[in-house]
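In each ligand, atom 1 is the first atom listed, and ligand 1 is the first ligand listed.
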Amino acid sequence: MAGIRIAISLAVLTGHALAVNNGLARTPQMGWNNWNALGCDVSESLLLDTSKTLVNSGLRDVGYNYVVLDDCWSDGRDEKDFLKVDMKKFPSGMKSVADEIHREGMLFGMYSSAGEMTCARYAGSLDYETNDAISFASWDVDYLKYDNCYHMGRFGTPKLSFDRYKVMADALNATGRPMLYSLCNWGEDYSHTWGMSIANSWRMSGDIYDSFSRPDDLCPCSNAADPHCIAPGSHCSVMNIVNRVAVYADRGQPGGWNDLDMLEVGNGGMTDDEYKAHFSLWAGLKSPLLMGNDLRTLSANALTILNNPAVIAINQDPEGRSITRVRRETDAAPDKYGAGEIQVWSGYLYGGDQVVILLNAGGKDTKISASLAEIFLHEGPEGSAPQVQEEWDVYDLWANRMDTDLAQKILDADTADLPKLFKEANWYNSTEISYKEGLKKNDPRLLGKKTGKIAPGGSLTVKVDKHSAEMFRLRSVGTGGKRKVHSKDEL
Ligand code: GLA
C-alpha cells in the first residue's frame, strides 16, 4: 500500500504519464468533426442535426460516438479571461449542446490551439490553459482537439513543444473530468516520440485534403525521414500522409495513437475505390476514425464504406497494434501524376489473426502477390516465423459491404421504420456488443467473407485495381478456434 502511495505521489510530482492514463482511447477514438467539409460554418443546429443523423444512420451504433466541434466557435474573452462562446452561433450555450449530445448517447469534443490564436484567428489557449480547461469541464466536454497555430515561437525542439502541450494536459487533468486529449501539432518536433506520455492521440502530418495522390505545393513534405521536412503544410493527399507515417506506424498503443487526420470519405474528391483504400489504411494504421463529411447530405455510397464493421473491427482490435509496411515498390505503372507504386502492409491482430492490405497506388490494374514469409516478416526474418508453415483461411473484409439500395432505404426511412431496416441489414451494434466481445465470439460480421486459403509456405495473390486497396483478415486453419493471444486478455 505504502509503495503504491509513493508511486502515485511520485507520478504527481513529476507529472509523469498521467494524461495518457486517463483511461480513454484504449482503442482509437471514433466520431465526427466538422472541419473537412464545413470549415468555420459551425452552429448549434449543425451539431444537433449531425447528432441525430449519427443515431438514425446507425453510425453511432457502429462506433462513431464523439461529436467534435472544430475551430471558430468563440467570441473573445470576458473580463476574467474566460473564453466567451459565440452566442449567435450557439444561442443555447455549450453546456446545453453537450447535454443534448449526451442525451443522444454520444460524447462531445471541442477545439482550441496551443497558441495566441487558433488557426482561424480566434482566441487561443496559450497561457490561459487553466481557465480554458475549467470552462471545458464546466460545459461537460469529453474531448479536446488542441491545435498548433500562433505558438509564439515556443516550438523548434521536442522539449519546447512537449512543455507547451503538457500545460494543457495538466490543466485538463486538474479538472478531474476525463477528457480525451487530441494533439494537433502536425507531427512537428517529433510528436510521435513524446505524444504518448501526455495525450491520447497526436497528428502526424499537415492537413489532409480530398485527393488520393495529387501532389500540392502547400504540402511540401513527402519524406518523413528528411530532416528538412519541417513544414507540415496543408493539402496533403492520402498517399502523402501514408508515406509520411510509414516509418512511425508502430508508435501507437492502447491509450495513445498516431492521428492521420480526419477522414475525407464522402466529400466527393476521390473515387469509390480511393475512399475504400483511404478508409482501409486509416483503420489498419490505428488512426482515430473521425468522419469529416457533412452527414446531413450523407450518400448511401459513403455510408456503406463508413459502416463496414469488418474493417472497423481492425481499427478497434483490442491488441492495438498498427499495420506496418513490409514492401514498397515505386516503379509500378505511373498514374496521371506520374507516380506509381504498390505497397504491402501487414499487422498482428488479437488472437493471432493477421491483417493484410495490398495497395495499388499506380495507374494500372495489377496483380499483387505477398508471400507468408513477407506477411509475417516481423515474427521472424526470412521466412523463419512459425506462421509461415501454417495454413491460413483468407477473409475478404470488403466482400460483405452493405448493398447501396438498403443503405439508401435507411437514409430515407422514418425513425419508426429504422429498427426493422437495421435488422434486415444485420447491423453491427457495438454499443450492445463491443468489438472485443464480437471478436471473441467470432461474430461473422466482423470477419468478412471467406474467399480462399493460403497453403503453408504459400502466397496471397490478388488483382488490385488502380488507385485501390484490398484488405484481408488471415486466420490460421489448424488452431480450431483456440488461437494464440499476445495480450494479457484470454480469449
Ligand atoms: C488546423 C488543423 C485543422 C483544423 C484547422 C482549424 O489547420 O490542423 O485540422 O483544426 O486548423 O482552423
Side-chain angles (χ1 to χ4, degrees), residues 28-43 46-47 50 66-76 83 85-86 89-90 108-126 132 136 141 143-152 155 161 164-165 168 179-189 191-192 195 199-211 216-221 229-238 240-241 244-245 257-265 267 269 278 282 287-294:
Q29 66 265 30
M30 295 176 65
W32 173 87
N33 173 307
N34 63 272
W35 182 256
N36 284 356
L38 295 149
C40 276
D41 190 8
V42 292
S43 65
L46 168 69
L47 297 188
T50 299
Y66 282 102
V67 178
V68 183
L69 166 63
D70 212 279
D71 206 346
C72 315
W73 57 265
S74 67
D75 182 19
L83 283 169
V85 173
D86 184 331
K89 293 176 181 167
F90 299 90
F108 179 41
M110 286 189 71
Y111 163 100
S112 190
S113 180
E116 189 187 17
M117 290 186 284
T118 70
C119 295
R121 305 177 73 89
Y122 289 71
S125 291
L126 190 61
D132 294 355
F136 297 136
V141 168
Y143 181 124
L144 179 68
K145 170 177 173 178
Y146 203 40
D147 216 334
N148 194 31
C149 281
Y150 304 103
H151 46 47
M152 307 296 286
F155 94 117
S161 284
R164 182 163 45 95
Y165 277 94
M168 183 55 97
M179 286 185 258
L180 193 153
Y181 188 35
S182 155
L183 303 192
C184 178
N185 79 329
W186 323 313
E188 266 184 11
D189 287 340
S191 48
H192 60 278
N200 298 106
S201 61
W202 47 91
R203 279 272 299 276
M204 293 295 287
S205 68
D207 289 5
I208 193 169
Y209 86 144
D210 194 9
S211 165
D216 193 298
D217 281 351
L218 288 174
C219 184
C221 293
C229 186
I230 49 170
S234 59
H235 284 206
C236 300
S237 69
V238 163
N240 175 287
I241 294 175
R244 267 182 70 88
V245 84
W257 307 101
N258 284 330
D259 179 355
L260 277 58
D261 207 357
M262 283 98 59
L263 296 163
E264 291 285 5
V265 178
N267 280 334
H278 167 33
W282 263 231
S287 173
L289 295 179
L290 274 294
M291 298 180 288
N293 51 329
D294 185 348

Under the criterion side chain to side chain donor-acceptor pair (under 3.5 Å), which of S191, S161, S113 is the partner of N185?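 It is S191, the one option of S191, S161, S113 that forms the side chain to side chain donor-acceptor pair (under 3.5 Å) with N185.
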Go through the structure and list residues passing side-chain hydrogen bond (donor to acceptor under 3.5 Å, both in side chains) with N33, not counting sequence neighbours.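 Only D70 meet the side-chain hydrogen bond (donor to acceptor under 3.5 Å, both in side chains) criterion with N33.
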With S287 via side-chain hydrogen bond (donor to acceptor under 3.5 Å, both in side chains) - residues at least two apart: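 Checked S287 against side-chain hydrogen bond (donor to acceptor under 3.5 Å, both in side chains); zero matches.
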Show the atom names and distances, to 0.1 Å, of all donor-acceptor pairs under 3.5 Å that link a side chain in residues 114-126 to residues at least two apart or in another chain.
{"residue": "T118", "atom": "OG1", "partner": "D71", "partner atom": "OD1", "Å": "2.9"}
{"residue": "T118", "atom": "OG1", "partner": "D71", "partner atom": "OD2", "Å": "3.1"}
{"residue": "T118", "atom": "OG1", "partner": "A120", "partner atom": "N", "Å": "3.4"}
{"residue": "T118", "atom": "OG1", "partner": "R121", "partner atom": "N", "Å": "3.4"}
{"residue": "T118", "atom": "OG1", "partner": "Y122", "partner atom": "N", "Å": "3.0"}
{"residue": "R121", "atom": "NH1", "partner": "Y150", "partner atom": "OH", "Å": "2.9"}
{"residue": "Y122", "atom": "OH", "partner": "K89", "partner atom": "NZ", "Å": "3.4"}
{"residue": "S125", "atom": "OG", "partner": "S112", "partner atom": "OG", "Å": "2.5"}
{"residue": "S125", "atom": "OG", "partner": "D132", "partner atom": "OD2", "Å": "2.6"}

Residues around ligand 1, heavy atom under 4.0 Å from any ligand atom, sorted by chain and number. Can you pull those?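 These residues qualify: W35, D70, D71, Y111, C119, A120, K145, D147, C184, W186, R203, D207.
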Treating D259 as the side-chain partner and P288 as the backbone partner, does any N or O pair qualify as donor plus acceptor under 3.5 Å?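 No: the side chain of D259 does not pair with the backbone of P288.
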Can you confirm whether the side chains of N148 and E188 place a donor and an acceptor under 3.5 Å from each other?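 Result is yes, a qualifying pair exists.
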